[in-house]
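Here is the structure we will look at.
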Amino acid sequence: MTSTDSRPLPATYASVVFQGVDLDPELISAIMETSPTLSYKRGDTYRIKHEIRERQFGLWVYSTRNVVHSSSLKKHLAALERLVIGEFSQWPNKTLAKIQALVNESDIKFRVDVFWYGAADSELPEISRSFHYVVTEAGGTVETDFHRDGETTQAA
């Protein structure tokens, strides 16, 4: 993306990601009480050019990219925080506990990926301590991909 693209800067989104060999996308959807943006399970097939390959692990992703219509990273993270803590759940406070149990009792990994791309003269955004706390309490990590127009990616 360059500053001449039609999307206004900053461009931002965040994603909840679950990954594991034995991941069952339907179980994750039930825990999160939402449908994923992308999901598949181990053994599902896909095609690269003329070759059919088999997935080696399961994946479940929920992205704010086309859900939160804002260039504010805080709004994207707030949407995911509400999802992880189960604010809209029929059983409030149960979602976080279910994620904790899933991560602690299986080989499934949980993370939040955060993307931000801003103008050359803009300040890099910060992720709040409370957001880090919620993700860490759930057994996950936060990975960032922040960069400015004309710079190389600064991933952490």
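Sequence neighbours left out, the pairs with a member in residues 101-119 that pass salt bridge (Lys or Arg N to Asp or Glu O under 4.0 Å) are R111-D113. Within the structure, salt bridge (Lys or Arg N to Asp or Glu O under 4.0 Å) contacts touching residues 47-64 (residues at least two apart or in different chains) are E51-R53. Evaluation of the salt bridge (Lys or Arg N to Asp or Glu O under 4.0 Å) test over residues 12-27, restricted to residues two or more places apart or in two chains, returns none.
Contact check for V134 versus I85: side-chain heavy atoms found under the 4.5 Å cut-off. V112 is not listed as a side-chain neighbour of V17, based on a closest heavy-atom distance of 4.5 Å or more. Using a 4.5 Å heavy-atom cutoff, the side chains of P36 and V61 are not in contact. Side-chain atoms of L23 and I28, non-hydrogen and from C-beta on, do get closer than 4.5 Å to each other. Side-chain contact between T95 and K98: absent, with no pair of heavy atoms (C-beta onward) separated by less than 4.5 Å. Counting only heavy atoms from C-beta outward, the side chains of I108 and S106 approach each other to under 4.5 Å. With contacts defined as side-chain heavy-atom distances shorter than 4.5 Å, the pair V142/I127 qualifies. Side-chain contact between L83 and Y62: present, with at least one pair of heavy atoms (C-beta onward) separated by less than 4.5 Å.
One hydrophobic cluster, built from ILVMFWY side chains closer than 4.5 Å, cannot hold both I31 and L59; they sit in different ones. Residue V67 is grouped with residue L80 when hydrophobic side chains (ILVMFWY) are merged at heavy-atom distances under 4.5 angstrom, including chains of intermediate members. Using a 4.5 Å cut-off between side-chain heavy atoms of Ile, Leu, Val, Met, Phe, Trp and Tyr, with links allowed through other members, L73 and F131 fall into the same hydrophobic cluster. Hydrophobic clustering (side-chain heavy atoms under 4.5 Å, transitive across Ile, Leu, Val, Met, Phe, Trp, Tyr) groups L102 together with V135. V103 and V21 sit in two unconnected hydrophobic clusters of ILVMFWY residues. Membership requires side-chain heavy atoms under 4.5 Å apart, directly or through other members.
In this view, S130 and E81, S128 satisfy the side-chain contact (heavy atoms from CB on, under 4.5 Å) rule, not counting sequence neighbours. Among residues two or more places apart in sequence or in another chain, the side-chain contact (heavy atoms from CB on, under 4.5 Å) test is passed with Q100 by L96, A97, N104, E137. Under the rule for a side chain to side chain donor-acceptor pair (under 3.5 Å), W116 has no partner lying at least two apart in sequence or in another chain. By the ring pair (Phe, Tyr, Trp, His ring centres under 6.0 Å) test, F110 is found to be paired with F18, residues two or more places apart in sequence or in another chain being considered. Under the side chain to side chain donor-acceptor pair (under 3.5 Å) criterion, S29 pairs with W60, sequence neighbours left out. Partners of T136 according to the side chain to side chain donor-acceptor pair (under 3.5 Å) rule, which considers only residues two or more places apart in sequence or in another chain, do not exist here.
Side-chain atoms of T144 do not come within 3.5 Å of backbone N or O of F146 as any donor-acceptor pair.
Residue Y46 is found in a hydrophobic cluster whose other members, listed by chain and number, are I48; membership requires side-chain heavy atoms under 4.5 Å apart, directly or through intermediates.
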request  = Decide yes or no on side-chain contact (heavy atoms from CB on, under 4.5 Å) for T64 and K75, but give the supporting numbers first.
outcome  = CA-CA 9 Å; T64 63; K75 289 183 180 180; over 6 Å; no
inquiry  = Set out, in order, the CA-CA distance, both residues' side-chain angles and the distance that settles side-chain contact (heavy atoms from CB on, under 4.5 Å) for T12 and V68, then state yes or no.
reply    = CA-CA 10 Å; T12 189; V68 176; over 6 Å; no
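Here the two rings, on H147 and Y117, have centers that are under 6.0 Å apart.
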Using residues 118-126 as the side-chain source, report each donor-acceptor pair under 3.5 Å to any protein atom, sequence neighbours left out, with the distance given to one decimal.
residue	atom	partner	partner atom	Å
S122	OG	A119	N	3.3
S122	OG	A119	O	2.6

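For the atom pair NE2 of H76 and OG of S71, the computed distance is 7.5 Å after rounding to the nearest 0.5 Å.
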